[in-house]
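Read through the structure below, which is laid out as structure tokens, and then see the notes.
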Amino acid sequence: MKNLKIALDHGLTKEEYRRIVELLNREPNVVEIGIFAAMWSEHCSYKSSKIHLKRLPTRGERVVQGPGENAGVVDIGDGICVVFKMESHNHPSFIEPFQGAATGVGGILRDIFTMGARPIALLDSLRFGDPKLPITRYLLEGVVSGISWYGNCIGIPTVGGETYFEECYNGNPLVNVFALGITRKNEIFKGQAKGIGNPIVYVGSKTGRDGIHGAVMASETFTRETQEKRPAVQVGDPFTEKLLLEACLELFKTGIVVGIQDMGAAGLTSSSIEMAGRAGTGITLNIDRVPRRESGMTPYEVMLSESQERMLVVIQKGKEEVAERIFKKWGLDFAVIGEVTDSGRLRVVENGKTVADIPVDSITEKAPVYKRPAKQPSYLKKTRNLDLESIPIPDNLNSTFLSLLSSPNISNKRWIYEQYDYMVRTNTVVAPGSDAAIIRIKGTNKAIAITSNCNSRYCYLDSYTGAAIAVAESARNLACSGAIPLAFTDCLNFGNPEKPEIMWQFEQSIDGMSEAAVKLNTPVVSGNVSFYNETEGKAIYPTPTVAMVGLIEDIGKLTTQWFKKEGDLVVLLGNTKEELGGSEYLKLVHGLVMGLPPSLDLDTELRLIRTLLEAITSGIINSAHDISEGGLAIALAESCFTPNGPIGVEIDF
Amino acid sequence: MPRFGIVVFPGSNCDHDCYHAIKHILNQQCEFVWHEEKSLDGFDCVVIPGGFSYGDYLRPGAIARFSPIMQAIKGFASDGKPVIGICNGFQILVEAKLLPGAFLRNASLKFICRWVNIRVENTKTPFTCLLREGTVLRIPIAHGEGNYFISLEELNQLRKNSQIVFRYCNTRGEITSQSNPNGSIENIAGVCNPEGNVLGMMPHPERCCEDILGGHHGKLIFQSVIYWISQRGSKQGQSQLKIEPLTV
Amino acid sequence: MKELKAKVEIKFKPGVLDPQGKAILSALHNLGYGEVEDARVGKLIELKLKDKSKEEATRRIEEMCKKLLANPVIEDFIIRFEE
Amino acid sequence: MKELKAKVEIKFKPGVLDPQGKAILSALHNLGYGEVEDARVGKLIELKLKDKSKEEATRRIEEMCKKLLANPVIEDFIIRFEE
């Protein structure tokens with residue numbers, strides 16, 4: 001097997017290579033190896049997570065499109081749908097924080113407008129290491145300014161998110177970016193290459209050598225040597241993306257679009273194969289027609305390049321000029337580079353010579369699926385026995401309270417979100433800083449609330465409950481804003497799945513999320529898995545980030561977390577138990593990450609959410625705030641910092 | 001009824017926001033004007049919205065100023081008709097030499113999105129004719145290069161012709177360095193041409209025409225120009241419609 | 001005709017505040033490079049032109065600078081050619 | 001000891017997309033400067049250093065570039081001295 005060495009260099013295993021030879025009944029050439037390696041990477045194939053992801057509930061009366069397409073679609077009534085998804089750009093952001101984070105924004109936005117929706121909001125969930133380390137400040141500075149640059153330039157508000165600091169992220173920051181768009185129910189577009197003979201059209205920027213092996217890189221653990229893979233980082237151009245967005249939305253109105261998908265990880269390869277796979281058709285690509293930015297690019301480079309701001313569109317035969325005029329108006333590249341065929345194969349041709357010829361289903365249906373071994377982590381024996389009696393009560397509770405309030409994980413993040421234009425599009429009715437961001441839907445009386453949550457310490461101490469809490473807390477945050485929780489997307493950030501302890505954390509998290517999602521009637525409609533978040537054998541805490549969307553039917557009833565006027569009564573809903581496991585207090589004051597996360601009773605949680613929503617709609621509630629990191633004391637303090645100046649509160653225990 | 005033209009460059013972002021404020025909140029006739037158009041006939045007021053025309057590449061507004069529409073805007077302005085450049089629009093007017101000065105990066109080197117207070121310094125422009133001098137308006141800013149710069153001689157010119165229209169201030173209307181968000185010389189937030197009909201301002205009035213968004217002071221600027229157009233720009237004294245100084 | 005490679009240096013006029021230069025100077029001092037007395041940041045635009053003599057190219061590039069590449073209110077420019 | 005004036009040119013590595021250069025090139029073409037075949041934008045940092053020999057200064061400036069001034073992932077740098 002002469003090409004085995006090349007396959008191994010691409011990260012394919014021996015068995016995976018043997019399977020390819022079987023499927024093709026011949027050895028693959030280098031271009032084909034590149035294609036299989038990208039498509040069978042963890043990032044694109046979900047091979048280590050697929051069987052577990054099946055356990056997540058994805059259906060519901062409002063769900064129009066669940067996982068499997070570019071983004072999830074949820075019906076919010078009056079023929080309007082919201083389209084949303086979250087993606088991780090952890091590995092590129094470690095190598096080049098500014099461009100890594102910026103292209104993360106660009107990529108997730110394309111996943112939204114490829115479905116025919118106009119993006120109207122962005123959120124970012126960021127996790128960094130110890131803030132005292134210079135590398136953390138460098139990464140934080142780069143990531144925040146990258147998100148700010150890309151989001152501000154394209155004119156889509158970044159309305160919320162979360163930022164956490166924990167030593168486990170020292171060598172491995174997490175950059176999860178969420179985007180939400182809005183469209184009419186009958187104007188949703190899918191990524192399918194239907195209609196034999198229909199032309200395949202390439203639109204957007206020219207192709208360069210950036211980010212080659214981006215997909216494969218995301219599936220590699222971080223060792224010193226990965227840092228030498230520098231040219232693998234893509235560079236973004238938000239100005240061109242803004243033109244691409246407007247041009248695509250204009251194209252959709254012509255009614256000639258059959259299918260469309262953005263070129264994300266593995267660029268032209270994944271977009272063509274996935275579109276053919278969903279439609280059960282084949283695609284022939286004339287690669288010499290692809291507009292290029294560099295000279296002398298090989299078919300291998302063109303097929304795997306991850307240059308940004310590019311889309312692949314299938315349009316009705318004979319309508320090429322209609323599409324070309326639109327993209328020329330917006331100054332974008334446009335080229336017919338192939339057609340849909342009934343061969344069920346991806347055939348790549350360069351000047352008439354076939355350079356790759358692969359059955360589409362061999363990549364999509366017959367990709368390897370692993371049921372990796374799982375084992376309960378040994379650290380749990382140590383962390384589980386937390387004896388509360390042994391924790392000394394600090395003598396000066398005031399100074400403890402103040403140090404909690406100013407700790408990096410709790411203190412106000414204005415210095416971050418003030419770098420984002422969170423007002424553009426004049427829909428932001430509740431700006432960053434409250435439990436959830438709220439965006440109004442012009443022309444209706446409705447509003448959308450969005451929140452993202454995950455306490456990775458809880459997930460480290462008990463992955464099942466920690467992941468369930470991420471879902472429950474998101475629903476609580478939405479209820480506190482007066483919104484009915486509808487559905488969520490997620491970014492499942494974990495270490496190396498080939499290690500049984502990590503696989504155990506992953507399985508437990510999936511089960512915890514599933515139970516909460518079913519009980520609270522909030523299905524999963526899209527998401528992403530990011531494995532191999534590990535540097536020199538040290539993995540991050542399990543971080544299943546949840547971004548949940550809620551609906552406010554009457555915008556007049558939206559609520560925020562700040563106390564409104566003197567004399568109002570303060571009510572505590574739910575019961576308080578003697579629990580300190582995984583708390584911010586325990587870590588900050590006693591340097592301990594121990595115990596079990598707070599116990600979670602999902603039936604009570606559901607009743608709490610319903611009660612709160614009923615009280616809010618009946619008009620007796622002036623503000624509501626979810627108690628999370630820092631407990632009751634911090635929640636009360638946060639409620640006192642109102643946008644028009646501080647207000648006091650008196651509590652008798 | 002006054003007819004507003006909102007110019008759209010490749011990369012403009014706040015065009016829809018201006019359209020919503022003028023059409024749906026102020027109920028005026030309003031249309032988008034693509035940057036390659038050559039004429040502004042039939043329009044009573046031209047709005048150059050905020051955004052990142054041409055990605056702000058090279059310098060904000062440096063490339064947009066060569067669009068065909070700029071010739072029409074120059075003619076429109078020399079006819080004495082009202083033109084307002086908001087944020088990126090102000091940067092384009094400065095690059096096109098319709099307004100004096102230039103923009104540097106914010107002193108903090110960071111993009112800033114925040115509510116600020118600005119003081120009305122000149123009520124002789126179509127956009128401030130319904131306001132009283134010294135009125136404090138609360139209007140949001142969102143920019144990375146809003147640090148207004150001008151040479152000292154030209155600064156004296158601005159003072160002499162009272163071309164300084166807005167200055168960043170605190171809630172009591174005092175011009176302080178703490179209230180200056182980006183390092184602009186003399187806290188300048190908005191200037192007009194000597195004739196007063198072309199205004200450039202960094203804060204975004206279209207973002208605060210409805211209380212649900214956090215404030216309505218932006219509406220007064222659009223109401224002023226609507227009133228000014230309805231009086232066919234006749235140079236009366238202070239208008240009949242008295243606006244009490246706004247206490248914030 | 002061979003290709004001509006021109007380098008246009010665009011710098012702030014003296015007296016114009018350069019916040020970026022100031023930030024870089026203080027960062028260099030924090031990293032222990034006390035010997036740096038001043039730092040100023042400008043733009044470097046590299047242009048590839050075809051079949052032009054140096055005089056002709058200089059004249060054209062000056063036009064480009066005055067019209068587009070430099071903002072005469074706050075910036076000066078220098079044109080150099082690369083062998 | 002006299003003062004040394006160094007010019008550090010920082011440019012994107014070849015092959016890295018330069019959106020600004022792309023925008024400037026099309027703007028120059030629209031203004032009628034068709035002879036420009038390519039445009040790339042970089043940074044020019046001017047440093048004033050005291051009492052250092054050229055070799056010593058070059059070594060120190062290279063350190064500054066690697067640590068702060070240039071982003072080694074996507075940028076290259078050249079150091080020149082001005083007489």
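Proteins come first, then strands; the chains are lettered A, B, ... in the order of their sequence lines, and each starts at number 1.
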- Message: Salt bridge check, C:Glu9 against D:Arg80: does any charged N sit closer than 4.0 Å to a carboxylate O?
- Response: yes
- Distance col, row D:Ile61:CD1 vs C:Tyr33:OH, nearest 0.5 angstrom, shows 10.5 Å
- Residue from C:Lys67, C:Glu63, C:Gln20 scoring the most non-hydrogen pairs under 4.5 Å with chain D is C:Glu63
- Take atom NZ of D:Lys7 as the centre, draw a 6.0 Å sphere, and report whether it contains more than 12 heavy atoms from other residues, nucleotides or ligands. yes
- Distance, nearest 0.5 Å, that separates CD of C:Glu56 from CD of D:Glu35: 7.5 Å
- Exactly one candidate in D:Met64, D:Lys48, D:Lys50 meets side-chain contact (heavy atoms from CB on, under 4.5 Å) with C:Val36; the answer is D:Met64
- Interface moiety of C:Leu68 toward chain D, non-hydrogen atoms closer than 4.5 Å: side chain
- Query: Going through the distances and angles, do D:Lys43 and C:Lys43 end up as a side-chain contact (heavy atoms from CB on, under 4.5 Å)?
  - Reply: CA-CA 5 Å; D:Lys43 271 187 282 221; C:Lys43 273 189 271 263; over 6 Å; no
- Message: As an exercise, state the distance from CG of D:Leu49 to CG of C:Leu28, rounded to the nearest 0.5 Å.
- Response: 9.0 Å
- Item | Toward chain C, the part of D:Leu69 with a non-hydrogen atom under 4.5 Å | side chain
- Take C:Leu44 and D:Val41, measure what side-chain contact (heavy atoms from CB on, under 4.5 Å) needs, and give me the verdict at the end. CA-CA 6 Å; C:Leu44 178 73; D:Val41 181; over 6 Å; no
- Could you give me the CA-CA distance, side-chain angles and deciding distance for D:Leu47 and C:Asp38, then say whether side-chain contact (heavy atoms from CB on, under 4.5 Å) is met? CA-CA 6 Å; D:Leu47 301 174; C:Asp38 187 28; over 6 Å; no
